[in-house]
Chemist: 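Got a structure for you, written out below as structure tokens; questions coming shortly.
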Amino acid sequence: MLDGIPGKDALCAVNGEDDWRLLRRLDVPEGETGVGGRVDTVIGVVVDCETSGLGGDDVIIELALRRFRADPNGVIVKIDRHYSWLEDPGQDLAEDIVRLTGITDADVAGKSIDDEAAVRLLRSADFVCAHNAQFDRGHIERRLPGAAGLAWTCSCSDIDWRGSGYDGRSLGWLLAQAGYFHGAHRAGDDVDAVIALLRQDLPSGRTALAEMLETARRPTWRFRAVGAAFELRNQLRMRGYRWDGEGDPKCWWRDVPDERRAEEEWWLAGQVYSVSARPKALGPTVERITWRERYAPASP
DNA sequence: CCTAGGTTACGGACTAAGGC
DNA sequence: GCCTTAGTCCGTAACCTAGG
């Protein structure tokens, strides 16, 4: 694997062959990848936002996206060009944001996202992907209402990286373990990092993209324990339920994966809606959550 | 700095086992 | 039978991790 790399022999003479590791600069060229099939393709778009901070009032200062086409086995067969925009937040950038991203006030001055182009590109794909989709989906739907309600996947949590032999889930560290380095924390570079990760073959024999799509396409179920007796609040909280005091009616709610749906119905019937539990309603409500609802801002 | 979720750590209560 | 100790279990709090 290292044959032909300049200086390899000299390095091996000083250090053992196994005592060091090379990382390749990430390069994701546009066009056909030369691998994978040709029929029944699916289109994905990877997005990344750089923002003015992590708080609720912070806004997008850079948006990048890049579409790709994949075959039914989750092998990426073609990669589109980059698109990215800077946007002026209307106030000075915090020092740590400038340090983290390298984006300065001068860089964003007077710039703005091309709403129409960004929304058109996002809507042209079958699904959107981001590393920590909860973060990016919230910012994108707030900034681009026309892109609300799309199908979302998360390269951070819809793939079992740990179970596949990777340590940690941060983008740069996953990429390094895949053998690459990149210019982190610029939206375009981070988008390419995600594409490179999605192309990885995992120990399962499938690509990371294939695993991510399988997880994301599977519905989850939102249980609302409407009318649960007040005294059961601790048991509900312990089981992962959260209180929604804004909804109507106010209730405890929880999302459950498809394979645990029956188990949850059984638990609710026995613990919350049995006669002895004195429920104030006949039963819970169950709502199907697909990748169109998942990771959306403002939970229930 | 924020948000959500998942894991770890710990105090308190309880149980099983050993010494007398 | 009684007391102490070690191990177990449970609920809760604290911590950790992704994202800028």
Side-chain angles (χ1 to χ4, degrees), chain A residues 46-65 84-105 107-108 113 128-143 152-164 166-177 182-194 197 208 212 215-216 220 222-223 231-246 252-257 260 271 289 293-300:
Chain A
V46 175
V47 304
D48 187 62
C49 303
E50 303 303 313
T51 68
S52 54
L54 286 171
D57 299 332
D58 288 306
V59 295
I60 298 177
I61 57 173
E62 186 181 37
L63 170 67
L65 49 91
S84 71
W85 299 271
L86 290 163
E87 181 156 279
D88 193 335
Q91 53 186 348
D92 288 350
L93 294 170
E95 216 174 281
D96 54 338
I97 296 299
V98 175
R99 202 181 314 120
L100 181 74
T101 64
I103 299 171
T104 64
D105 291 318
D107 293 329
V108 296
I113 295 168
V128 185
C129 174
H131 202 71
N132 201 3
Q134 188 136 13
F135 181 84
D136 294 272
R137 181 168 187 174
H139 280 291
I140 284 176
E141 295 200 347
R142 208 172 309 139
R143 174 61 184 81
W152 279 80
T153 63
C154 180
S155 56
C156 183
S157 56
D158 288 341
I159 297 165
D160 182 10
W161 291 109
R162 193 166 188 181
S164 300
Y166 289 77
D167 170 42
R169 289 179 303 169
S170 76
L171 186 57
W173 179 224
L174 288 172
L175 190 70
Q177 291 169 81
H182 79 316
H185 294 305
R186 281 306 296 262
D189 291 324
D190 282 352
V191 161
D192 281 356
V194 171
L197 288 179
M212 182 182 79
T215 304
T220 50
R222 178 157 301 170
F223 282 82
E231 293 73 27
L232 295 172
R233 66 194 185 287
N234 277 335
Q235 286 183 58
L236 284 156
R237 192 153 44 81
M238 279 161 32
R239 200 171 165 87
Y241 282 81
R242 279 173 283 165
W243 177 248
D244 172 19
E246 309 297 313
W252 290 91
W253 67 278
R254 177 193 188 196
D255 286 346
V256 170
R260 286 216 285 266
Q271 301 297 312
I289 303 290
E293 294 86 34
R294 199 171 301 131
Y295 304 126
S299 294

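Naming convention: chains lettered A, B, ... in sequence-line order (proteins, then strands); numbering from 1 in each chain.
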Chemist: Could you state the CZ-P distance from A/Arg186 to C/dG19, rounded to the nearest angstrom?
Modeler: 17 Å
Chemist: Considering only side-chain heavy atoms of A/Leu54, which listed nucleotide, B/dC2, C/dA18, B/dA4, is closest?
Modeler: B/dC2
Chemist: Just to be sure I understand the rule, does A/Ser157 reach a base, reach only the sugar-phosphate, or reach nothing, if contact means heavy atoms closer than 4.0 Å?
Modeler: nothing
Chemist: Taking the side chain as C-beta and beyond, is there a heavy-atom pair between A/Ile61 and A/Ile97 under 4.5 Å?
Modeler: yes
Chemist: In whole angstrom, what separates A/Ile159's CD1 from C/dA18's P?
Modeler: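 My rounded result for the distance is 14 Å.
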Chemist: Measure CD1/A/Ile60 against P/C/dG20 and give the value in whole Å, please.
Modeler: 12 Å
Chemist: Remember a base hit wins even if backbone is also touched, and classify A/Asp48 as base, sugar-phosphate or nothing at under 4.0 Å, heavy atoms.
Modeler: sugar-phosphate
Chemist: Which residue pairs satisfy the side chain to side chain donor-acceptor pair (under 3.5 Å) criterion with at least one member in residues 90-105 of chain A, sequence neighbours excluded?
Modeler: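 Sorted pair list: A/Thr104-A/Asp107.
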Chemist: For a side chain to side chain donor-acceptor pair (under 3.5 Å) with A/Tyr295, tell me which candidate from A/Asp136, A/Asp158, A/Thr153 qualifies.
Modeler: A/Asp158
Chemist: Determine the contact category for A/Asp190: base if any of its heavy atoms lies under 4.0 Å from a base atom, sugar-phosphate if only primed atoms, P, OP1 or OP2 are that close, otherwise nothing.
Modeler: sugar-phosphate
Chemist: Using atom CZ of A/Phe135 as one end and atom P of B/dT3 as the other, report the distance to the nearest whole Å.
Modeler: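 My rounded result for the distance is 12 Å.
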Chemist: Describe the nucleic acid contact of A/Leu171 in one word from base, sugar-phosphate, nothing, applying a heavy-atom distance below 4.0 Å.
Modeler: sugar-phosphate
Chemist: Look at the side-chain N and O atoms of A/His185 and state whether any lies under 4.0 Å from the OP1 or OP2 oxygen of C/dG20.
Modeler: yes
Chemist: Less than 4.5 Å apart, any side-chain heavy atom of A/Val59 and any of A/His139?
Modeler: no
Chemist: Output the rounded distance in Å from CG (A/Asp58) to P (B/dC2).
Modeler: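 Computing the A/Asp58:CG to B/dC2:P distance gives 10 Å.
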Chemist: Take the protein atom CZ of A/Arg162 and the nucleotide atom P of C/dT17, then report the distance between them rounded to whole Å.
Modeler: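 That distance rounds to 10 Å.
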Chemist: Do any of residues 84-92 of chain A sit with a heavy atom less than 4.0 Å from DNA chain C, and if so which?
Modeler: none
Chemist: Please give, in whole Å, the distance from C/dA18 C1' to A/Tyr295 OH?
Modeler: 12 Å
Chemist: Judged by atom type as modelled, is there a donor-acceptor pair below 3.5 Å linking the side chain of A/Arg294 to the main-chain atoms of A/Ala216?
Modeler: yes
Chemist: If I take atom CH2 in residue A/Trp173 and atom C1' in nucleotide C/dG19, what distance separates them, rounded to the nearest angstrom?
Modeler: 19 Å
Chemist: Please determine whether a side-chain nitrogen of the Lys or Arg among A/Glu87 and A/Arg143 lies less than 4.0 Å from a carboxylate oxygen of the Asp or Glu.
Modeler: yes
Chemist: Can you find a pair of side-chain heavy atoms, one from A/His131 and one from A/Val46, that are under 4.5 Å apart?
Modeler: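 Not touching, per the 4.5 Å side-chain cut-off.
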